[in-house]
Amino acid sequence: MLCLIAAETGIFSIFVVAYLFYVGKSATGPLPAGVLELPIFISICLLSSSLTIHWAVKALARGKVAAFRVWWFATVALGLIFLIGTAREWHRLIYEHGLTVSTNLFGTTYYSLVGLHAFHVTAGLVALSIVMTFALLGKVKQEHAERTEVLSWYWHFVDAVWIVVFTVVYIVGV
């Protein structure tokens, strides 16, 4: 997992640098300042999911499987809220502002960077949902705590990357 996170850090770094390099270089609009809104609520949801997954793993390590299920489900729900919010933002940008991948450099780099992050959230949610399914079937036990912790590292990574993406796209890049 640590090797995957290291490789993914490299990929995200390239996308962040590309975004920063091209920000402000679009010859035509729409431009970030005119169309982006701070995604505060969905950001709080995603970042809160790092707490819920931490609590889930700790509960499982103590043998509290029912508490694990509750916190793990909360993590999945918060991740889903984040993805739905991202989809709503894209819908607004496309249909209200005409911003697509091919509109300008901003559109290309914005959808590439935020889309890469959304893909990683989706992949994480698939993995978390598989574990949730096993938990509901009674197949997740205290002895699996280390495995769930390794998966939680990926989720924490996705959350940490969002802090960078949020800062670059919604703060610095506007």
Side-chain angles (χ1 to χ4, degrees), residues 1 4-54 56 71-133 151-174:
M1 184 58 74
L4 173 68
I5 289 171
E8 294 295 320
T9 299
I11 292 168
F12 271 104
S13 296
I14 291 166
F15 276 73
V16 166
V17 168
Y19 185 89
L20 288 170
F21 180 79
Y22 288 114
V23 73
K25 294 188 177 169
S26 293
T28 61
L31 301 175
V35 297
L36 290 183
E37 299 173 0
L38 283 175
I40 300 293
F41 175 72
I42 65 170
S43 297
I44 290 170
C45 289
L46 186 64
L47 297 177
S48 296
S49 71
S50 268
L51 290 173
T52 58
I53 200 167
H54 172 77
W71 289 120
W72 200 265
F73 178 79
T75 305
V76 172
L78 290 166
L80 279 172
I81 291 168
F82 176 83
L83 276 184
I84 291 166
T86 300
R88 291 182 70 202
E89 178 182 42
W90 289 6
H91 184 272
R92 183 183 59 77
L93 290 172
I94 293 167
Y95 292 103
E96 291 179 24
H97 299 286
L99 182 68
T100 66
V101 171
S102 61
T103 301
N104 57 21
L105 283 172
F106 164 57
T108 301
T109 56
Y110 167 82
Y111 286 112
S112 296
L113 179 55
V114 176
L116 180 66
H117 181 263
F119 170 78
H120 282 77
V121 172
T122 302
L125 284 175
V126 167
L128 293 174
S129 296
I130 290 168
V131 172
M132 187 73 227
T133 301
L151 180 54
S152 80
W153 297 346
Y154 176 83
W155 195 253
H156 291 305
F157 166 74
V158 168
D159 285 0
V161 166
W162 180 247
I163 294 170
V164 174
V165 171
F166 179 90
T167 302
V168 167
V169 173
Y170 298 94
I171 308 291
V172 175
V174 179

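The structure displayed is predicted, hence computed values, not measured ones.
Side-chain contact between Ile171 and Leu38 is present, with at least one heavy-atom pair separated by less than 4.5 Å. Annotation: side chain of Val35 is in contact with side chain of Phe106 (closest heavy-atom distance under 4.5 Å). Between Leu36 and Leu93, some side-chain heavy-atom pair lies under the 4.5 Å cut-off. Looking only at side-chain heavy atoms (C-beta outward), Val121 and Trp162 stay at 4.5 Å or farther from each other. With contacts defined as side-chain heavy-atom distances shorter than 4.5 Å, the pair Phe12/Val164 does not qualify.
Residue Leu83 comes nearest to Thr122 through the heavy atom pair CD1-OG1, 3.4 Å, listed as atom of the first residue, atom of the second, then distance. Smallest separation of non-hydrogen atoms from Phe166 and Pro39: CE1-CD, 3.6 Å. Here the closest non-hydrogen pair linking Val174 and Ala33 is CG1-CA, 3.5 Å. When all heavy atoms are compared, the tightest approach of Val76 to Ser129 is CG1-OG, 4.0 Å. For Thr103 against Gly98, the heavy-atom pair with the smallest separation is OG1-O, 2.9 Å. Contact between Thr28 and Asn104 at its shortest, heavy atoms only, is O-ND2, 2.8 Å.
Other residues, nucleotides and ligands contribute only 12 or fewer heavy atoms inside 6.0 Å of the CZ atom of Phe73. Atom CZ of Arg92 sits in a crowded spot, with more than 12 heavy atoms from other residues, nucleotides or ligands closer than 6.0 Å.
Of the inter-residue distances, the one linking Thr86 atom OG1 with Ile42 atom CD1 reads 4.0 Å to the nearest 0.5 angstrom. Expressed to the nearest 0.5 Å, how far OG of Ser48 lies from CG of Asp159 amounts to 9.0 Å. The CG atom of Leu116 sits 14.5 Å away from the OH atom of Tyr19 when rounded to the nearest 0.5 Å. In this structure, the separation between CG on Leu105 and OG on Ser26 is 4.5 Å, given to the nearest 0.5 Å.
For Phe82 and His117, the gap between ring centers is short of 6.0 Å.
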| Step by step, would you call Trp155 with Leu46 a side-chain contact (heavy atoms from CB on, under 4.5 Å)? | CA-CA 10 Å; Trp155 195 253; Leu46 186 64; 3.9 Å; yes
| task | Mind running side-chain contact (heavy atoms from CB on, under 4.5 Å) on Tyr22 and Tyr110 for me, showing each step along the way? | result | CA-CA 10 Å; Tyr22 288 114; Tyr110 167 82; over 6 Å; no
| said: Before you tell me yes or no, could you show the steps for Phe21 and Thr109 under side-chain contact (heavy atoms from CB on, under 4.5 Å), namely the whole-Å CA-CA distance, both residues' side-chain angles and the distance that decides it to 0.1 Å? | reply: CA-CA 10 Å; Phe21 180 79; Thr109 56; over 6 Å; no
| field | From CA spacing to verdict: side-chain contact (heavy atoms from CB on, under 4.5 Å), Phe157, Leu4 | value | CA-CA 10 Å; Phe157 166 74; Leu4 173 68; over 6 Å; no
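Between the Thr108 side chain and the Ser102 main chain, no donor and acceptor come within less than 3.5 Å of each other. Judged by distance alone, with hydrogens and angles left aside, the side-chain atoms of Ser152 form no donor-acceptor pair with the main-chain N or O of Ile53 at under 3.5 Å. Using modelled atom types, one side-chain atom of Tyr111 and one backbone atom of Leu99 make a donor-acceptor pair closer than 3.5 Å. A distance-only check finds a donor-acceptor pair linking the side chain of Thr75 to the backbone of Trp71 [under 3.5 Å].
A tilted orientation is assigned to the rings of His156 and His54, their planes being inclined by 30° to 60°.
No hydrogens or angles considered: nothing links the side chains of Ser49 and Thr52 as a donor-acceptor pair under 3.5 Å.
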